[in-house]
Amino acid sequence: MDRIPVAGPWITQKEIDYVTDAVTHAWYGSHNIYHERFERAFADYLGVKYAVALPSCTSAIHLALLAFGLGPGDEVIVPDITWIATAAPIDYVNATPVFADIDTETWCISAEAFEVCITPRTKAVIPVDLYGGMPDMDAICTIAQRHGIAIIEDAAEAIGSNYHGLRAGSLGDVGVFSFHGSKTLTTGEGGMLVTDREDIFRRVLFLRDHGRKPGDVQFYNTEVAYKYKMSSMQAALGLAQLERVEELLQRKREIFEWYQNALAGVTGLTLNAEPAGTHNSYWMVTVILDPQLGLGKERLIKMLSEKGIDSRPFFYPLSSLPAYAGLAQIQEMQERNRCSYTISPFGVNLPSALNLTRAQVQHICTTLKEYCASAI
Ligand SMILES: *Cc1c(COP(=O)(O)O)cnc(C)c1O
């Protein structure tokens with residue numbers, strides 16, 4: 001039997017046709033046709049004015065920080081629980097990351113913890129829509145506004161989620177997405193930056209093209225900047241996936257329901273939350289084991305692996321990683337972020353690939369139940 005992958009895409013003939021067309025026709029005067037269609041369709045889908053296709057979400061965050069003019073001495077608040085890509089670009093611009101604790105229910109940045117981290121040097125916050133879940137964005141926006149802090153919403157894991165009717169990624173000053181192969185909508189590698197702010201949009205276009213304005217004098221650069229562009233083939237793949245986004249999202253919710261039904265009545269397990277007023281796109285079905293069971297995530301991952309099931313650990317707190325060991329005040333953050341440190345050792349991302357079958361989910365849940373029973 002093949003191993004059950006933890007994540008993966010759903011590719012149909014439509015994607016193959018669009019990419020084939022791009023590689024055949026998107027050259028010369030037509031080299032931008034798929035970018036234009038993908039960006040326009042993406043902005044419309046989110047209900048925002050501007051969208052810029054980029055090589056990754058990491059580059060989107062980097063450009064957002066640059067566009068807000070961040071640099072040495074500035075602080076940026078991020079949740080302690082996220083993929084390091086949320087935080088790494090803060091170092092690229094020589095600003096300082098500050099890790100805030102997460103909320104017990106949503107596993108996203110807690111509004112209270114965010115407020116506690118604010119200092120006169122705080123210039124931006126990057127809330128993350130973790131695994132498709134939504135943080136309390138009303139509270140976060142209110143606090144950010146009061147302190148004049150820019151919001152970069154990291155919606156890399158949350159295309160199709162929403163918060164009080166607004167799409168994930170459209171809630172801050174800037175929203176960023178990833179189209180990495182593991183994400184719900186994929187271009188293999190890729191990303192998108194969205195915003196309603198024309199000044200930010202213009203600055204991003206300038207910075208991502210070696211410091212020249214669109215349509216400017218050729219080879220005439222006014223600043224040293226970056227080269228962050230997506231290829232036509234990727235844009236074509238993204239457009240085809242976006243035209244199928246409802247289908248992709250429906251499948252994600254279906255997979256979550258399979259798990260929910262198979263695990264109903266099992267005590268000691270908590271799955272992803274969907275608080276009232278939010279819609280979770282369930283990028284990764286995630287289970288938190290009750291600490292009372294005395295079973296950690298590493299053992300569960302190993303046991304699942306022995307049964308041919310791939311899974312992933314819930315993110316380690318960034319403040320616990322060797323990568324940030326040299327950061328000033330790291331010890332205070334480790335002591336302060338209780339919720340991050342309490343949940344992380346007991347969380348596992350279960351297989352959530354778009355080609356998963358119900359029978360596979362049954363097999364996974366049977367194994368998981370055996371694991372829980374071994375505690376007693
Ligand atoms: C995947 C991911 C990213 C990074 O995306 P890339 O396209 O790989 O740069 C950033 N933030 C979060 C929360 C992610 O899950």
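Ligands are counted one by one from 1 in listed order, and the atoms in each one are counted from 1 as well. FYI, the numbering just counts along the sequence from 1.
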Non-hydrogen atoms closer than 4.0 Å to ligand 1: which protein residues do they belong to? List them by chain and number, please.
->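 Residues near ligand 1: Ser56, Cys57, Thr58, Thr82, Trp83, Ala85, Thr86, Val128, Asp154, Ala156, Glu157, Ser178, Lys183, Gly190.
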Do NZ/NE/NH1/NH2 and the carboxylate oxygens of [X] and [Y] come within less than 4.0 Å?
X	Y	result
Asp196	Lys49	no
Arg358	Glu254	no
Lys14	Asp17	no
Glu198	Arg202	yes
Arg253	Glu274	yes

Pairs under 3.5 angstrom only: tabulate donor-acceptor contacts from the side chains of residues 123-134 to other protein residues two or more places apart or in another chain.
unit_1	atom_1	unit_2	atom_2	d
Lys123	NZ	Asp74	OD1	2.7
Tyr131	OH	Phe315	N	3.3

